[in-house]
Amino acid sequence: MAEETNANEESMAGNSPRRPARLNERILSTLSRRSVAAHPWHDLEIGPEAPQIVNCVIEITKGSKVKYELDKKTGLIKVDRILYSSVVYPHNYGFVPRTLCDDNDPLDVLVLMQEPVLPGCFLRIKAIGLMPMIDQGEADDKIIAVCADDPEYKYYNDIKELPPHRLAEIRRFFEDCILKTNQCPNKKNENKEVAVNDFLPKHVAFDAIQHSMIAKKTGGTEHRKTSLETEIAP
């Protein structure tokens, strides 16, 4: 009888659920697995409605004097510098993932919306225009966009709908910000040319986004007419 009881106990023990791993064992198991962090430039989807509506990763918060930028190697947002003059970014500023421009950087975007957004966050934007800019003799165009999910700004569809003062404010910021940076005594490229041309409509912005998407997929950039050349071409 005693032998039968022991056999039943062993049988019940064998059918009992497995003991959960201890906390330390679970931690060590997790650490032992190889993991790769997602890169916001290369891994974040651009969005199914591109080029009209795309995702944008915010680097710099509206109202900030700190110039943040993407660290291409790690995918983290790093502090590049403090703006040299007494100005702040008028709107949130970032880049479009899975795009590549002639300067080997992702496509820059200035995002108009009601609130500042923390660096490293991403949101949906709607391109409404493009600001052609020349910095150090190279094209450095900026997409002008609105947050596609902002109840106030999402109704803007083209840059011509913005108040003239808003456009003047944006232009003046980039003229002052870039020029002052280039004139900084610690910079080798002081007193170089900076030019901000007239704002261009949304279809030019769509073309720029589309081109940069293709360039990222193909791993390089072919020569693209500048936005201004495209707009005035016969």
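Note that the structure is a prediction, hence the values are computed from the model and not measured. The figures here come from the full heavy-atom set of this structure, side chains too, leaving out hydrogens, waters and symmetry mates.
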Fill in the blank from the handout: Interatomic distance, CG@L76 vs CD@E69, rounded to 0.5 Å, equals 12.5 Å

Problem - Single-linkage hydrophobic cluster F173~I82, side-chain heavy atoms < 4.5 angstrom - result: yes

Practice task
Find out whether L70 and H39 are in side-chain contact, i.e. whether some heavy atom of one side chain is under 4.5 Å from a heavy atom of the other.
Solution key: yes

Handout entry: Straight-line distance of L118 CG to I58 CD1, nearest 0.5 Å
Key = 10.0 Å

Problem - Minimum side-chain heavy-atom gap D71-I77 below 4.5 Å - result: no

Handout entry: Smallest separation among heavy atoms of L83 and V88, with atom names
Key = CD1-CA, 4.4 Å

Completion exercise
Residue pairs passing the side chain to side chain donor-acceptor pair (under 3.5 Å) test with at least one member in residues 46-55, sequence neighbours excluded, are E49-R124

Problem - Steps toward side-chain hydrogen bond (donor to acceptor under 3.5 Å, both in side chains) verdict (Y93, K62) - result: CA-CA 7 Å; Y93 183 84; K62 172 184 177 181; over 6 Å; no

Practice task
Say whether, by atom type as modelled, one donor and one acceptor occur between the side chain of D158 and the main chain of E161 under 3.5 angstrom.
Solution key: no

Problem - S86 versus K65, closest heavy-atom pair with distance - result: CA-NZ, 4.2 Å

Problem - Validation row: P119, E59 side chains within 4.5 angstrom (heavy atoms) - result: no

Completion exercise
side chain to side chain donor-acceptor pair (under 3.5 Å) filter on K72, not counting sequence neighbours, yields D105

Handout entry: L123 vs M113, side-chain contact (heavy atoms from CB on, under 4.5 Å): CA-CA, chis, key distance, verdict
Key = CA-CA 11 Å; L123 45 78; M113 57 187 300; 3.9 Å; yes

Practice task
Assess whether side-chain contact (heavy atoms from CB on, under 4.5 Å) is satisfied between H211 and D207, documenting all intermediate values.
Solution key: CA-CA 6 Å; H211 179 271; D207 290 343; over 6 Å; no

Handout entry: Atom of I134, atom of A139 and distance for their closest heavy-atom approach
Key = CD1-CA, 4.0 Å

Handout entry: Minimal non-hydrogen separation, A208 against I143, with atom names
Key = CB-CD1, 4.3 Å

Exercise for the section: Using salt bridge (Lys or Arg N to Asp or Glu O under 4.0 Å) as the criterion, list what pairs up with E45, not counting sequence neighbours. Expected result: R98

Practice task
Take S212 and V96, measure what side-chain contact (heavy atoms from CB on, under 4.5 Å) needs, and give me the verdict at the end.
Solution key: CA-CA 9 Å; S212 64; V96 179; over 6 Å; no

Problem - Cluster overlap I209 with I214, hydrophobic side-chain contacts below 4.5 Å - result: no

Practice task
With the side chain counted from C-beta on, respond yes when H91 and R166 share a heavy-atom pair under 4.5 Å apart, and no when they do not.
Solution key: yes

Problem - Salt bridge flag under 4.0 Å for residues K154 and E152 - result: no

Exercise for the section: Flag yes if more than 12 heavy atoms outside K160 fall under 6.0 Å of its NZ atom; otherwise flag no. Expected result: no

Practice task
Verify, without hydrogens or angle tests, whether W41 (side chain) and L100 (backbone) share a donor-acceptor contact under 3.5 angstrom.
Solution key: no

Exercise for the section: Would you give the length of the straight line joining atom CZ of F206 to atom CD1 of I53, rounded to the nearest 0.5 angstrom? Expected result: 8.5 Å

Exercise for the section: State the OH-NZ distance between Y153 and K126, to the nearest 0.5 angstrom. Expected result: 13.5 Å

Practice task
Return yes if some donor-acceptor pair links the side-chain N/O of S64 with the main-chain N/O of I60 below 3.5 Å, else return no.
Solution key: no

Handout entry: Heavy-atom donor-acceptor pair, D141 side chain to M133 backbone, under 3.5 Å
Key = yes

Completion exercise
Scanning both residues in full, the closest heavy-atom pair of M131 with I170 reads SD-CG2, 4.1 Å

Problem - Short N-O contact, K78 and D80, less than 4.0 angstrom - result: no

Practice task
Go through the steps to decide whether F199 and I144 satisfy the test side-chain contact (heavy atoms from CB on, under 4.5 Å), and finish with yes or no.
Solution key: CA-CA 9 Å; F199 292 91; I144 307 299; 4.3 Å; yes

Exercise for the section: Flag the pair P132 / L200 as yes when at least one side-chain heavy-atom distance between them is below 4.5 Å, and no otherwise. Expected result: yes

Exercise for the section: Determine yes or no for a side-chain-to-main-chain donor-acceptor pair under 3.5 angstrom, with D150 supplying the side chain and Q114 the backbone. Expected result: yes

Practice task
For residues Y68 and V79, determine if any side-chain heavy atom of one lies less than 4.5 Å from a side-chain heavy atom of the other.
Solution key: yes

Fill in the blank from the handout: Rounded to the nearest 0.5 angstrom, the SG-CG distance for C101 and D108 is 6.5 Å

Handout entry: Heavy-atom side-chain contact between V146 and I125 under 4.5 Å
Key = no

Practice task
May I ask you to decide if V117's main-chain N or O and N92's side chain share a donor-acceptor pair within less than 3.5 Å?
Solution key: yes

Completion exercise
Between G129 and A205, the two heavy atoms sitting closest are O-CB, 3.3 Å

Handout entry: L112 side chain near Y156 side chain, heavy-atom distance below 4.5 Å
Key = no

Problem - Between Y89 and K67, a side-chain donor and acceptor under 3.5 Å - result: no

Handout entry: Salt bridge R171-D198, side-chain N to carboxylate O under 4.0 Å
Key = yes

Practice task
Kindly check if the number of other-residue, nucleotide or ligand heavy atoms within 6.0 Å of CZ (F122) is above 12?
Solution key: no

